[in-house]
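Here's the structure we're looking at; comments come further down.
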Amino acid sequence: AQRVTQPEKLLSVFKGAPVELKCNYSYSGSPELFWYVQYSRQRLQLLLRHISRESIKGFTADLNKGETSFHLKKPFAQEEDSAMYYCALSGRGGNTPLVFGKGTRLSVIA
Amino acid sequence: DTEVTQTPKHLVMGMTNKKSLKCEQHMGHRAMYWYKQKAKKPPELMFVYSYEKLSINESVPSRFSPECPNSSLLNLHLHALQPEDSALYLCASSQEEGLQAFLYGYTFGSGTRLTVV
């Protein structure tokens, strides 16, 4: 069974400081990892997907298969980054739909 | 159209009522999903439809009854709910199950906030 662990419920950083949101996963097959973001009163949005290796809004995430981690990073936090961030995992097979971690609330302090 | 549209946005219902939640997408996605999200919790999968057939039911109580009348529409019929069923119900879609979902992730609707009184 797949499992996603986000150890921090809340992370507070000052504006301009670096941010790292931790995500670890457990999955027996080949996983695909995603980061979703949920701003206040807005819908859940896809932020990043591992396979595309993209950088969105200054965020990046690297898959570390040895440590089974997919941490989200940004060098300089902005106030508008304050939101709920969910790490999620799906598998290549049809019976492994998207499963979310418990989420980390990022609060960027001016 | 690159959105998943859910109606209504808010719903208050009594424990003896019957109501339905509606979800629509016109992106040609062939997999659609219902998730339940309680306050300050992550979304939890309820049902998966693939090519209009139910492929996954995560042991959801029978008072929740999904329906997929066509490839663009997904309904969730509600009957005899309990107050603990109050939550945000999210619909999502992906190009299909398996590889496409694997590659591109899901598109989520804004949800229906359900309150059972």
Side-chain angles (χ1 to χ4, degrees), chain A residues 1-10 21 23 25 27 29-54 56 61 63 70 72 83-107, chain B residues 2-7 9-10 23 25 27 29-51 53-60 66 87-113:
Chain A
Q2 65 256 50
R3 190 170 69 242
V4 178
T5 304
Q6 293 179 252
E8 303 138 329
K9 271 190 176 178
L10 174 65
L21 301 175
C23 172
Y25 66 90
Y27 184 62
S30 290
E32 178 53 25
L33 279 300
F34 303 86
W35 277 98
Y36 280 81
V37 61
Q38 196 168 30
Y39 300 101
S40 179
R41 299 182 183 281
Q42 292 189 30
R43 69 182 66 199
L44 203 58
Q45 301 172 36
L46 178 63
L47 180 64
L48 275 182
R49 48 197 168 112
H50 152 248
I51 201 162
S52 62
R53 299 189 178 278
E54 56 208 338
I56 304 290
L63 180 63
F70 188 57
L72 183 69
M84 193 72 175
Y85 290 81
Y86 292 102
C87 184
L89 176 156
S90 71
R92 193 179 288 268
N95 284 330
T96 51
L98 202 63
V99 169
F100 290 87
K102 289 183 189 269
T104 298
R105 180 163 297 284
L106 175 64
S107 177
Chain B
T2 57
E3 284 199 352
V4 173
T5 304
Q6 289 187 245
T7 54
K9 291 199 183 309
H10 300 275
C23 173
Q25 56 87 14
M27 295 178 279
H29 288 178
R30 302 313 300 269
M32 295 183 78
Y33 311 82
W34 280 115
Y35 281 81
K36 175 181 177 178
Q37 186 177 22
K38 300 280 274 182
K40 300 186 181 181
K41 299 286 186 186
E44 294 179 355
L45 183 67
M46 300 174 72
F47 301 104
V48 179
Y49 270 83
S50 180
Y51 288 88
K53 287 188 169 44
L54 183 65
S55 66
I56 294 177
N57 175 342
E58 290 286 315
S59 303
V60 179
L88 182 68
Y89 287 84
L90 296 169
C91 175
S93 69
S94 65
Q95 291 188 333
E96 57 185 64
E97 275 192 290
L99 181 60
Q100 294 298 322
F102 182 96
L103 293 176
Y104 297 107
Y106 299 1
T107 302
F108 281 85
S110 56
T112 294
R113 189 163 298 282

Where is the tightest heavy-atom contact between [X] and [Y], given as atom of each residue plus distance?
| X | Y | result |
| --- | --- | --- |
| B:Y35 | A:L98 | OH-O, 2.7 Å |
| A:G101 | B:P42 | O-CB, 3.0 Å |
| B:P43 | A:F100 | O-CD1, 3.7 Å |

For the [atom1] atom of [X] and the [atom2] atom of [Y], what is their distance to the nearest 0.5 Å?
| X | Y | atom1 | atom2 | answer |
| --- | --- | --- | --- | --- |
| B:L88 | A:R43 | CG | CZ | 11.0 Å |
| B:K41 | A:M84 | NZ | CE | 9.5 Å |
| B:K40 | A:K9 | NZ | NZ | 9.0 Å |

Does a sphere of radius 6.0 Å around CD in A:E8 hold more than 12 heavy atoms from other residues, nucleotides or ligands, not counting ones at 6.0 Å or beyond?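 Yes, CD of A:E8 has more than 12 neighbouring heavy atoms, counting only those of other groups under 6.0 Å.
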Determine yes or no for a side-chain-to-main-chain donor-acceptor pair under 3.5 angstrom, with A:Y36 supplying the side chain and B:Y106 the backbone.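 Pair found, side chain donor or acceptor close to backbone of B:Y106.
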Any B:Q37 side-chain heavy atom under 4.5 Å of A:Q38 side chain: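 Touching, per the 4.5 Å side-chain cut-off.
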Winner by heavy-atom pair count (cut-off under 4.5 Å) against chain A, out of B:A92, B:G111, B:S110: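 If we count pairs closer than 4.5 Å to chain A, B:S110 comes out on top.
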